[in-house]
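In what follows, every heavy atom counts, from backbone to side chain, and hydrogens, waters and symmetry copies are set aside.
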Amino acid sequence: MFGIPGKQAVTLTPAATKQIVKLMEREGHQGLRIGVKKGGCAGMEYTMEYVDDVNPMDETVEQDGARVMIAPMAQMFLFGTEIDYEVSLLEASFKFKNPNVTEACGCGESIKFAEQ
């Protein structure tokens with residue numbers, strides 16, 4: 001929808017790919033859908049959910065067996081994002097390195113985009 005021919009909307013690091021494949025295999029889902037919604041102290045939050053039925057309007061990114069779908073309304077906000085999976089002493093989570101974000105809250109849970 002908002003893509004550039006020949007360029008994936010998002011990229012996945014090897015760690016993210018490995019974790020998504022693991023979740024797909026363990027849970028038997030078709031992949032993960034990522035999006036954004038209003039919320040959080042900075043105004044927007046990322047969403048992730050399992051996908052059992054692929055929506056033809058989603059942008060689908062497949063990389064080394066991992067499948068990520070991007071909800072139509074989120075595509076313009078997520079284009080160019082790198083998704084990583086980081087494990088630390090206190091948490092393990094997906095991290096979004098998004099060039100479209102202009103601000104983020106201190107806890108890292110919510111983001112703000114430039115005014116459209």
Side-chain angles (χ1 to χ4, degrees):
M1 186 176 229
F2 290 98
I4 296 173
K7 183 171 169 64
Q8 291 189 142
V10 299
T11 57
L12 307 171
T13 65
T17 301
K18 182 178 175 182
Q19 182 64 21
I20 291 169
V21 168
K22 185 186 303 183
L23 291 170
M24 288 171 60
E25 290 174 351
R26 183 175 67 203
E27 302 292 336
H29 299 289
Q30 295 293 313
L32 293 176
R33 179 175 290 115
I34 59 174
V36 293
K37 68 177 185 175
K38 291 185 184 244
C41 54
M44 302 286 277
E45 297 175 317
Y46 293 113
T47 62
M48 292 188 91
E49 63 185 358
Y50 291 114
V51 174
D52 292 320
D53 297 312
V54 178
N55 179 340
M57 297 301 292
D58 286 349
E59 175 77 22
T60 301
V61 174
E62 295 188 60
Q63 188 174 314
D64 300 323
R67 186 178 299 118
V68 171
M69 290 75 153
I70 305 170
M73 295 304 293
Q75 292 172 14
M76 63 188 256
F77 297 111
L78 295 172
F79 192 78
T81 298
E82 178 187 72
I83 301 172
D84 194 11
Y85 186 76
E86 296 179 359
V87 178
S88 70
L89 205 53
L90 299 175
E91 70 175 354
S93 63
F94 288 100
K95 302 291 183 184
F96 293 77
K97 295 177 179 129
N98 187 336
N100 306 303
V101 170
T102 58
E103 292 180 37
C105 68
C107 66
E109 295 294 319
S110 68
I111 54 203
K112 182 177 182 181
F113 299 102
E115 299 296 323
Q116 301 294 331

Ile34/Ile83 under side-chain contact (heavy atoms from CB on, under 4.5 Å): CA gap, chis, key distance, verdict: CA-CA 10 Å; Ile34 59 174; Ile83 301 172; 3.6 Å; yes

field: Derivation of the side-chain contact (heavy atoms from CB on, under 4.5 Å) call for Tyr50 and Leu23
entry: CA-CA 9 Å; Tyr50 291 114; Leu23 291 170; 3.6 Å; yes

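- Residues satisfying the side-chain hydrogen bond (donor to acceptor under 3.5 Å, both in side chains) criterion with Thr47, sequence neighbours excluded, are absent altogether.
- The same ILVMFWY cluster, assembled from side-chain heavy atoms under 4.5 Å apart, contains both Ile70 and Met24.
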task: Check the pair Gln19 / Phe94 against side-chain contact (heavy atoms from CB on, under 4.5 Å), numbers first and verdict last.
output: CA-CA 9 Å; Gln19 182 64 21; Phe94 288 100; 3.7 Å; yes

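- For Glu82 (side chain) and Thr13 (main-chain N/O), no donor-acceptor pair under 3.5 Å exists by modelled atom type.
- Cluster annotation: Val10 is not connected to Val51 through the hydrophobic network of ILVMFWY side chains, with a link wherever side-chain heavy atoms come within less than 4.5 Å.
- Considering all non-hydrogen atoms of both residues, Asp58 and Pro72 come closest at OD1-CD, 3.3 Å.
- Val87 and Val21 fall into different hydrophobic clusters, where Ile, Leu, Val, Met, Phe, Trp and Tyr residues are linked whenever their side-chain heavy atoms come under 4.5 Å apart, directly or through other members.
- Scored by the salt bridge (charged side-chain N to carboxylate O under 4.0 Å, His left out) test, Lys22 finds no partners at all (sequence neighbours excluded).
- Considering NE2 of His29 and CD1 of Ile20, their distance stands at 13.0 Å, rounded to 0.5 Å.
- The distance from atom CG of Leu78 to atom OH of Tyr46, rounded to the nearest 0.5 Å, is 6.0 Å.
- Between the CG atom in Asp84 and the CD atom in Glu86 there is a gap of 5.0 Å [rounded to 0.5 Å].
- Across all their heavy atoms, Ala15 and Tyr85 have their closest contact at CB-O, 3.4 Å.
- Counted within 6.0 Å of NZ on Lys37, heavy atoms from surrounding residues, nucleotides or ligands total 12 or fewer; the atom is thus considered open.
- In terms of heavy-atom proximity, Met48 sits nearest to Leu32 at CE-CD1, 3.7 Å.
- Nearest approach of Gly35 to Ala74, heavy atoms of both residues: CA-CB, 3.5 Å.
- Counting all heavy atoms, side chain and backbone alike, Phe96 lies closest to Thr81 at CD2-CG2, 3.9 Å.
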Extract all donor-acceptor atom pairs below 3.5 Å that involve side chains of residues 61-69 and protein atoms in other chains or at least two apart in sequence.
unit_1: Gln63; atom_1: OE1; unit_2: Leu12; atom_2: N; d: 3.4
unit_1: Gln63; atom_1: NE2; unit_2: Leu12; atom_2: O; d: 2.6
unit_1: Arg67; atom_1: NH1; unit_2: Gln30; atom_2: O; d: 2.5

